[in-house]
Amino acid sequence: MSEKTPSLEHSLVSRCPICGNSPLVHDYECAELVCKNCGYVVIEKLVDRGPEWRAFNPEQRAKKVRVGAPFTFTIHDKGLSTQIDWRNRDIRGRRLPSKQRAQINRLRKWQRRVRVSSSMERNLASALSEMSRITDKLSLPRNILETASVTYRTAIKEKLIRGRSIKAMVAAAIYVACRRCRLMRTLGEVAEASSVKEKELGRSYRLLIKKLDYFVPPAKTSKYVTKLLNKLVLKGKCAEVAHRILRAAKELKLTSGRAPKSIAAAVSYISSKITGEYRTQREIAEAAQITEVTIRNRYKELMERILIVTSL
DNA sequence: AAGACGAAAGTGGTTGA
DNA sequence: TCAACAACTTTCGTCTT
């Protein structure tokens with residue numbers, strides 16, 4: 001891969017929303033805005049402004065065209081290695097003579113040794129394939145996968161993986177990526193998809209953000225509300241009312257110290273009642289993965305304070 | 001009969017000595 | 001490391017629609 005000129009990089013920098021102080025770099029090869037420091041991938045599908053040259057005839061084009069697969073963090077060697085086909089055929093599909101076959105076999109052997117050389121490389125290789133399996137299962141966007149794999153690489157460098165479960169650390173890296181990209185996925189969901197126990201996932205997650213000194217923005221209750229309303233197929237008017245109730249609740253300091261999902265459930269319940277798109281406590285409790293009793297408790301608190309103060 | 005309500009006891013996580 | 005504590009859950013009997 002060719003190096004970009006410094007002037008091009010620096011003309012495009014901005015701040016990373018996670019670590020704040022380091023420059024972001026536009027990476028046109030994989031169409032992303034990447035933080036060179038923490039690996040946070042801000043956006044995908046950046047418009048490729050290249051090529052910055054013009055070709056006036058086929059020969060020039062052939063000479064100037066850029067080659068190679070895009071650079072990515074999600075393959076253990078960053079997708080830059082050579083692949084040797086397993087078939088003993090040449091490019092026209094003819095079988096190779098035995099002498100050449102033996103040569104290719106030797107090449108393959110060395111290829112394996114070079115690619116997956118150390119135990120660390122082996123670890124990384126299996127971890128990253130597991131990672132893409134899980135993100136697939138949770139239908140997470142590409143930038144989460146990229147961010148998570150950078151996190152995992154850093155964790156390996158910091159020697160946090162040795163002696164711990166790869167599976168749990170992979171799941172934790174994914175959860176960290178979700179949180180940092182402000183994507184609403186609960187510990188439970190990630191645990192489910194990766195078949196890691198929620199408790200262990202939580203432990204690994206805390207370990208990662210502590211040891212890697214990551215800043216993780218706190219989860220927004222309003223995002224819980226949105227997600228819950230989607231799950232319950234409540235929208236439009238009801239969603240609007242729910243968010244207004246939530247705002248009022250926040251003003252009255254009724255949300256602090258309470259689990260966001262129970263607040264979200266109560267707010268959704270009240271809103272569904274007001275707007276006539278009625279859902280039972282049971283339905284909401286199930287969708288929010290909490291009990292009806294908790295909804296009732298929050299509901300009572302909210303009703304006592306809010307509905308008197310504000311006329312919705 | 002289904003849903004809502006609430007008391008009481010139990011659980012798991014956090015905090016502070 | 002342990003106890004105190006708040007939030008939440010489980011269970012179950014009662015009330016309301």
Side-chain angles (χ1 to χ4, degrees), chain A residues 160 163-165 167-169 171-176 178-180 184-235 237-239 241-243 245-309 312:
Chain A
L160 298 177
R164 289 181 236 274
S165 142
K167 227 173 160 183
M169 294 309 271
I174 291 171
Y175 183 66
V176 169
C178 289
R179 291 294 301 269
R180 300 176 90 209
M184 278 305 308
R185 289 290 185 283
T186 61
L187 263 183
E189 284 170 312
V190 178
E192 166 97 42
S194 57
S195 52
V196 171
K197 287 207 188 74
E198 195 173 332
K199 207 171 164 183
E200 197 187 356
L201 176 57
R203 249 210 324 273
S204 309
Y205 164 69
R206 260 169 283 142
L207 181 97
L208 276 185
I209 57 173
K210 195 171 167 206
K211 296 278 180 183
L212 300 182
D213 209 14
Y214 274 171
F215 168 71
V216 177
K220 286 237 167 86
T221 311
S222 63
K223 292 223 172 179
Y224 277 98
V225 173
T226 308
K227 195 182 175 195
L228 187 57
L229 292 170
N230 280 338
K231 224 171 181 179
L232 293 163
V233 204
L234 288 168
K235 39 189 138 129
K237 183 88 185 130
C238 186
V241 172
H243 281 101
I245 298 170
L246 178 62
R247 246 174 283 138
K250 274 188 177 155
E251 298 238 322
L252 293 166
K253 310 254 183 271
L254 291 174
T255 55
S256 68
R258 267 70 219 260
K261 59 180 176 181
S262 42
I263 298 286
V267 161
S268 306
Y269 178 62
I270 297 172
S271 164
S272 85
K273 238 178 164 176
I274 293 174
T275 55
E277 298 193 61
Y278 196 74
R279 296 289 185 282
T280 64
Q281 290 183 355
R282 167 120 289 283
E283 283 174 294
I284 294 178
E286 200 172 320
Q289 312 244 49
I290 58 169
T291 60
E292 295 152 76
V293 181
T294 306
I295 294 183
R296 286 201 285 275
N297 291 337
R298 293 294 82 77
Y299 166 68
K300 224 177 82 187
E301 271 175 16
L302 291 176
M303 291 301 269
E304 276 167 9
R305 300 287 304 281
I306 290 181
L307 294 183
I308 306 165
V309 178
L312 291 153

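To find a chain, count down the sequence lines: A is the first, B the second, and so on, and within it residues start at 1. Keep in mind that what you see is a predicted model, and the values were worked out from it rather than measured.
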Please report the closest heavy-atom contact between A/Tyr269 and A/Ile284, naming both atoms and the distance. CA-CD1, 3.4 Å

Would you say the side-chain atoms of A/His243 and A/Ser271 include a donor-acceptor pair closer than 3.5 Å? no

Spacing of A/Ile295 atom CD1 relative to B/dC5 atom P, expressed in whole Å: 11 Å

Does a side-chain N or O from A/Arg279 land closer than 4.0 Å to OP1 or OP2 of B/dG3, or not? no

Here DNA chain C, pairs taken as Watson-Crick or G-U under 3.5 Å and shown with ( ), [ ] when crossing and | when to another strand, reads |||||.|||||||||||

Indicate the atoms forming the closest heavy-atom contact of A/Ser268 with A/Leu228, along with that distance. OG-CD2, 3.5 Å

Atom pair distance, as rounded to whole Å: CG in A/Leu302 and C1' in B/dC5: 17 Å

State, to 0.1 Å, how close A/Ile274 and A/Val241 come at their nearest heavy-atom pair, and which atoms those are. CD1-CG1, 4.3 Å

For C/dA7, does OP1 or OP2 lie under 4.0 Å from any side-chain N or O of A/Arg258? yes

A/Lys211 atom NZ: more than 12 heavy-atom contacts under 6.0 Å: no

Atom pairs, protein N/O to nucleotides 6-8 of chain B N/O, distance under 3.5 Å:
residue, atom, partner, partner atom, Å
B/dG6, N7, A/Arg296, NE, 3.2
B/dG6, N7, A/Arg296, NH2, 3.0
B/dG6, O6, A/Arg296, NH2, 2.9

Given B/dA4, is OP1 or OP2 found less than 4.0 Å from the side-chain N or O atoms of A/Tyr269? yes

Touch check for A/Thr291, heavy atoms < 4.0 angstrom, all strands: base, sugar-phosphate only, or nothing? base

Quick check: do A/Ile245 and A/Val225 have side-chain heavy atoms less than 4.5 Å from each other? no

Value in whole Å for how far the P atom of B/dG3 lies from NZ of A/Lys273: 14 Å

Please answer whether the main-chain N or O of A/Leu160 pairs with a side-chain N or O of A/Arg164 as donor and acceptor at a distance below 3.5 Å. yes

Test side-chain contact (heavy atoms from CB on, under 4.5 Å) applied to A/Thr275 and A/Leu234, step by step: CA-CA 10 Å; A/Thr275 55; A/Leu234 288 168; 5.9 Å; no

If only atom types and distance count, is the side chain of A/Arg279 paired as donor or acceptor with the main-chain N or O of A/Leu232 below 3.5 Å? yes

Calculate the interatomic distance between A/Glu292 atom CD and B/dA2 atom P; express it in whole Å. 14 Å

Stepwise, does the salt bridge (charged side-chain N to carboxylate O under 4.0 Å, His left out) test hold for A/Arg247 with A/Glu251? CA-CA 6 Å; A/Arg247 246 174 283 138; A/Glu251 298 238 322; over 6 Å; no

Is the NZ atom of A/Lys231 crowded by more than 12 outside heavy atoms at less than 6.0 Å? yes

Candidates C/dC8, B/dA4, B/dG13 - which lies nearest the side chain of A/Thr280: B/dA4

Got a sec? Which of residues 200-213 of chain A come in under 4.0 Å of DNA chain B, heavy atoms? none

If I take atom CD in residue A/Glu283 and atom C1' in nucleotide B/dG3, what distance separates them, rounded to the nearest angstrom? 11 Å

Sort me out a list of protein N/O and nucleotides 14-17 of chain C N/O pairs below 3.5 Å, or just none if empty.
none

Whole angstrom is fine here: how far is it from CG in A/Leu254 over to C1' in C/dA7? 15 Å

For residues A/Lys223 and A/Pro260, determine if any side-chain heavy atom of one lies less than 4.5 Å from a side-chain heavy atom of the other. no

Sequence neighbours excluded and cut-off under 3.5 Å, please list the side-chain donor-acceptor pairs for residues 197-210 of chain A, or say none.
residue, atom, partner, partner atom, Å
A/Ser204, OG, A/Glu200, O, 3.0
A/Arg206, NE, A/Gly202, O, 3.4

Could you check how far CD of A/Glu286 sits from P of C/dT10, rounded to whole Å? 12 Å

Is there a side-chain contact between A/Ser262 and the phosphate of C/dC8, meaning an N or O under 4.0 Å from OP1 or OP2? yes

Length of the CZ-C1' vector between A/Arg282 and B/dA4, whole Å: 12 Å

Can you list the residues that meet the side-chain hydrogen bond (donor to acceptor under 3.5 Å, both in side chains) rule with A/Arg296, with sequence neighbours excluded? A/Gln281

